[in-house]
Amino acid sequence: MNINCSKLHRPVRVRFAPSPTGGLHIGGFRTLLFNYLFAKKNNGTLILRIEDTDSLRFVAGAEAYIEEVSQWSGVIFDESPQKEGAYAPYRQSERKEKGIYQAYIKKLLDSGVAYYAFDTSEELADQRKIMPNFQYGIHTRDALKNSLSMLPTEVETRIARGDKFVIRFKMPADETILLHDALRGPISFQTNQLDDKVLIKNDGMPTYHFAVVVDDYEMDISHVFRGEEWLPSAPLHVLLWKELFGSDYMPQWIHLPLILKTDGKGKLSKRDAQKQGFPIYPIDWIDPNTQEFTKGFKETGFLPEAFINFLALLGWTPPHQKEILPLNTMIDNFSIAHIHKTSAKFDFEKAKWFNHEWMKKKCVDDAQLFTEVVYLYCTNRAKKQADTYNQDHFEMFFKPSIIISLVGNCYVLDDFLKYYQLFYPVNSPISYSNVEFTKLLQQLSTISYKVLTEIYDSLSGQQNFDDSQFLEDAINKLLLSHQIKHKDIFPFLRFSLIGQLHGLNIFWIVKILGKEESCNRIKNALGSIKKIV
Ligand code: GLU
């Protein structure tokens, strides 16, 4: 055993230890990310340990989901159930089967730090009815059914006849537990306020509290990064460490602050995200038991680089204050000293800004690769919404030049698809029977109609179609010669092109559609207008 290892020269080994009870909240993912950044910065090892000792809350697919998130985000584990290293197995249920926890619980029982408790759940529920603040512990244990209140012979008889029991930790009275958190400094806890937690359940499975301590030790974990919701459990973990392994080998604790709701009032929840329509998981998740759907960043059109960059900075500030950081730069600059001590507010607009910046950066770094990513993403998305996919239109729209010219207007990859749908509406060809449009047509003077036809002639005769400045000059000249203002003609022109009266710049639309498509659409519109005026 490594109990004598010197803490100073200990290799960095960190773990992400999810319980497979569902998808992964971005708060959990950020914990994983910080573990990863710290491990890589210190030439250390990142472990995935599946804490599946609670069979009632086990959800099939939750582990596979974490592996999928890891692959998508590039936050790769060095050791995991799929990539076993020297510390296998990496699932606690399998570790239990190997008998890893047995010797340790025996040690605690032998030294009197743990004890058997035979109370049934009904009996405990009755206690709670009598005492609303009931805690199994220092003040109550003597009056309950356990090996501290019974004669040893009775305990033996009960065990021999197969009575169900749990094993609890005997919280010492009147002690102050001092925990040194690398982020928060020293924190003290009074044992009199803590209860006697269950270490082994009545099905023989270890609880989280017991297994986490044994496994962190067994797996040589040097630093524990986890959410601050585990802080109240930390004194128990410290006591268990001391009892089982002494304090020398205890890992360094880092309890990370929460991610707050957008308004800063409380922890960001799945419900908040659903209400406000933003993703809260890295990847879409459908709960296999309830069929409840939770939206992911990936399917909302986020690049993994932007997602991890946004989340890393939601709780950590690199020393140079720059915001757009590739993973390697984050690794090089990562340190516990720059992790925030206070909780950060989630801001979806900021997340989109990161994605926007990353898309622009990708376009500069490797335009070809980026345009392929956009094409693939949009094809997959559109095929899922079958009626929006048309291969010919896709080929026409998703050209590298168009993607590059659109990137400055896009915040998520889905925005490219929205533009596509705008340029190639589902009900293509555009219907010119829109009420608003027909109303406008009533006001269309003969002269405007003439100008529209002249615009058509000018565009169809245009040699330099790709030069939008040239196009703009030609059309402005034409309008000037007829004393017609943009606002009198552009809504008609825009509607002819994309079925919208307002919004996008005409010259930009024309450039994206190209000469043939633009002229065809104007021609169709002119045909319909002629019928009406
Ligand atoms: N299994 C715990 C969880 O689901 C791990 C907590 C810890 O990192 O100690 O979050």
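Both ligands and their constituent atoms are indexed starting at 1 by order of listing. Since the model is a prediction, treat every value here as computed from it, not as a measurement.
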J.: Within a distance under 4.0 Å of any heavy atom of S19, pick out the atoms of ligand 1 and give their elements.
T.: 1 (N), 2 (C), 3 (C), 4 (O)
J.: A cation-pi test, strictly: NZ or CZ of R13 under 6.0 Å from the centre of the six-membered ring of Y87 and no more than 45 degrees from its axis. Yes or no?
T.: yes
J.: Do R158's NZ or CZ and the ring of F118 fall within the cation-pi criteria of under 6.0 Å and 45°?
T.: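 Geometry flag: set, cation within 6.0 Å and 45°.
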J.: What atoms of ligand 1 come within less than 4.0 Å of a heavy atom belonging to W230?
T.: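 Once the distances to W230 are compared, the set is 2 (C), 3 (C), 6 (C), 10 (O).
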J.: Could you find the nearest protein heavy atom to atom 5 (C) of ligand 1 and give me its residue, atom name and distance?
T.: A17 O, 3.1 Å
J.: Verify whether one side chain among D272 and S269 offers a donor that lies under 3.5 Å from an acceptor in the other.
T.: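 Note: D272 and S269 side chains meet the donor-acceptor criterion.
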J.: Quick check with a 6.0 Å cut-off and a 45 degree axis cone: is K383 positioned over the face of Y389's six-membered ring?
T.: yes
J.: Taking only non-hydrogen atoms of R15, do any sit less than 4.0 angstrom from ligand 1?
T.: yes
J.: Can you tell me which residue pairs pass the side chain to side chain donor-acceptor pair (under 3.5 Å) test with a partner in residues 22-37, sequence neighbours excluded?
T.: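 Pairs touching residues 22-37 that pass the test: none.
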J.: What atoms of ligand 1 come closer than 4.0 angstrom to any heavy atom of V212?
T.: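 Heavy-atom distances to V212 below 4.0 Å select 9 (O).
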J.: When only distance counts, is V224 in polar contact with ligand 1, meaning an N/O pair under 3.5 Å?
T.: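 Looking only at distances, the answer is no, because the N/O contact criterion of under 3.5 Å is not met.
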J.: Which atoms of ligand 1 have any heavy atom of E51 under 4.0 Å away?
T.: 1 (N), 2 (C), 5 (C)
J.: For atom 6 (C) of ligand 1, what is the nearest protein heavy atom, given as residue, atom name and distance?
T.: Y208 OH, 3.3 Å
J.: Answer yes or no on whether R226 is positioned over the face of F16, meaning its NZ or CZ is under 6.0 Å from the six-membered ring centre and within 45° of the axis.
T.: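 Pair R226/F16 does not count as cation-pi.
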